[in-house]
There are 2 protein chains.
Amino acid sequence: MERPPLADAIIRSFDSYSAEVRKAARFVLDNPRDVALLSMREQARRAGVQPSTMMRLAKQLGFDGFEPVRDAYADAMRNPANSFERKARDQQRLQDLGGEQALAAKIVASVTRQLEALSAAEQLVRLSDAARLLAGARRVYCLGLRASHPIAWQLNYILSLVGDRSVLLDDLANTGSDRIRFAGPEDVLFAVTVMPYTQLTLDVVDYAHRQGVPVVALTDSPVSPLAKRATITIATTTESPSFYHTMTPAFALAEILAVLVAGQGDTETLDALRQVDSYHASLGTHAAERPFPVARPPKEVQ
Amino acid sequence: MERPPLADAIIRSFDSYSAEVRKAARFVLDNPRDVALLSMREQARRAGVQPSTMMRLAKQLGFDGFEPVRDAYADAMRNPANSFERKARDQQRLQDLGGEQALAAKIVASVTRQLEALSAAEQLVRLSDAARLLAGARRVYCLGLRASHPIAWQLNYILSLVGDRSVLLDDLANTGSDRIRFAGPEDVLFAVTVMPYTQLTLDVVDYAHRQGVPVVALTDSPVSPLAKRATITIATTTESPSFYHTMTPAFALAEILAVLVAGQGDTETLDALRQVDSYHASLGTHAAERPFPVARPPKEVQ
DNA sequence: GCAATTGTGAAACAAATGTTGCAAGCGGTA
DNA sequence: TACCGCTTGCAACATTTGTTTCACAATTGC
């Protein structure tokens, strides 16, 4: 299914839909396969919408009911964008369209391969060990400077959603890491740096290590200078076909780690999320479209 | 669906089936797609067989009923790339792992699949279009708040390595986006937000749009509120098996986009990188692990 | 050739499906 | 305030679904 049947039509008239119908349309756009594979009611459920709304969407698209819509999507799935054929064609197009898109595709391929490798057994063990360590900590100090900033920030952000134990060691006026002074053996320092290693990060980790603070290191090698000081080292790759190394695998790891740590909280996590939700609701932080990040009933949280 | 789920099992025991069940099995083998897309009764009709016979086939295959069979085929259709074999293997491994590691593995798998999708032809076209637009801009304003911060930050960071045209619209004291006042039609605003959309981001984009500033939007749907104001919309997914949506695909996109933009600079980019290198060398930002100054052309800079 | 076993078709079931109609809710207008 | 049109959720509808049951037919072994 290269281009889902009604995608264009939906996008074109999306603005004229009502709020609920939009939710339905969103679902259809995002999950074209499920339109054919799931019952309408099930789709309504997942889209967070009444079955009647799916009907309304179908009718607004000019159909008698939802079944014809399903049929359209089923047809599209029957003659598959023959993955073989299509890949060949895509490859061909890359050749034609020159270096830029080819480079982008190469990077995607490279990063994808690196991500896949993250599900190696030992990685998972490391991750869950690290999660347990972080979950048990009084406070979690997050440190990632320069290129590693997004990674540390992301961990701190997600942890901050579900509690107040996380501290981001970053600030204006070069005072970011000062708060590490208050860390002790019952805390944990989460530190990120990859080659070329940021000196300040190493220094702070060194200090924390001497103070007996356990360290979870996210870095690019088990023999990186960070790893030496770390209680647990999570290693990832940063290779990229371009001039700039990629931080995407590290970012993914931090995200997963954060989710695992939050998951250890269980009910407290859910409470905190609900609280975050109502907080932002009363502040009007978000454009009103759907409740906070809990996209679906959070039954998968553990 | 390279290899239909139960093909092997069916072929293996085909001979032991009765005449009617064989008809059913034959149909399943010949029309694997229809197994997922049609109702069981309809399949029975087409196979020239009673519904009960389909049931019997399912039970002979070791299932409780026909629905699980359908599910198996539906799963196979959802990610055509993943061969059945591989999925089975992954599934097996998940069983062996604890809930926590299983969740981690699931997230990795999900994100990997989403990343793969980024190399679709239209995505690449969008990316390179966006890159061209950004490369031609006088200034590039980067805006991403809350969960989208790492994405905007990353683009700004990489662009800052190779020039001084990038401005991050973020700051202390809620003054972050003020500088958008200076943007005009010869600049570009790069804005990121996903559901639930940050109101301030939408407002700023709105303002910039009215000022005639071209907008490159990185968001989660072609019908997101961001997309309406955007000159070019790059859409990505954020689904995750966990309670928190993933920003990893968006992060990867930003990284790639940044690299493409930097690549347009060519010689200037290389000059800038060399300069960055010597700058950090003289400040001692990085731990000297690598021979310094860089012997080879500096293709990797932090 | 008969009994026992197996395979088959038809009818019946509850559950789930697609669809419809209606009343309550909402925001804007007179 | 009363009214309007539009949107939304709910309950009900007739079908259709997957599944079970059972009587009958076919096949088998003796």
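In what follows, chains are A, B, ... by sequence order, proteins preceding strands, each numbered from 1.
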Any B:Lys59 side-chain N or O less than 4.0 Å from OP1/OP2 of D:dT20:
yes
Determine whether the side chains of A:His280 and A:Thr285 contain a donor N or O and an acceptor N or O closer than 3.5 Å.
yes
Testing the 3.5 Å rule here: is there a donor-acceptor pair between the side chains of B:Gln114 and B:Ser110?
yes
By nearest atom, which of the nucleotides C:dT19, D:dT21, C:dG7 is closest to the B:Ser18 side chain?
C:dG7
Closer than 4.0 angstrom, basic N to acidic O: yes or no for A:Arg12 and A:Asp8?
no
Do the side chains of B:Asp220 and A:Arg26 get close enough for a salt bridge, i.e. N-O under 4.0 angstrom?
yes
Does the side chain of B:Val223 reach to within under 4.5 Å of the side chain of A:Arg22, using non-hydrogen atoms?
no
N/O to N/O distances under 3.5 Å, protein versus nucleotides 23-27 of chain C:
none

Side chain of B:Glu67: nearest nucleotide among D:dT8, D:dT17, D:dG18?
D:dG18
If I take atom CZ in residue A:Phe66 and atom P in nucleotide D:dT16, what distance separates them, rounded to the nearest angstrom?
19 Å
Nearest-nucleotide 5' precedence on DNA chain C, A:Met55 against B:Thr53:
B:Thr53
What is the distance, to the nearest angstrom, from the CD atom on B:Glu20 to the C1' atom on C:dA10?
14 Å
How close or far is atom P of D:dT17 from atom CG of B:Leu38, stated in whole angstroms?
9 Å
Nearest nucleotide by nearest heavy atom, which residue falls closer to the 5' end of DNA chain C, A:Arg45 or B:Gln60?
B:Gln60
Using whole Å, report how far CG of A:Asp64 lies from P of D:dT15.
17 Å
Quick one: A:Arg41 CZ to D:dT16 P, roughly how many Å, whole number?
15 Å
Side chain of A:Ser52 - closest among C:dT17, D:dT17, D:dC10:
D:dC10
From the list C:dT20, C:dG9, D:dT19, which nucleotide is the closest neighbour of the side chain of B:Met40?
D:dT19
Nearest whole Å is fine: how far is C:dA15 P from A:Glu42 CD?
18 Å
How about A:Glu116 and B:Thr112: does a side-chain donor come under 3.5 Å of a side-chain acceptor?
no
Can you identify which nucleotide, out of D:dT19, D:dT8, C:dA10, has its nearest atom closest to the A:Arg56 side chain?
D:dT8
Let me know the distance between CD of B:Gln50 and C1' of D:dC22, rounded to the nearest Å.
14 Å
N/O donor-acceptor pair under 3.5 Å between A:Ser13 side chain and A:Ser16 backbone:
no
In whole angstrom, what separates B:Met54's CE from C:dG7's P?
18 Å
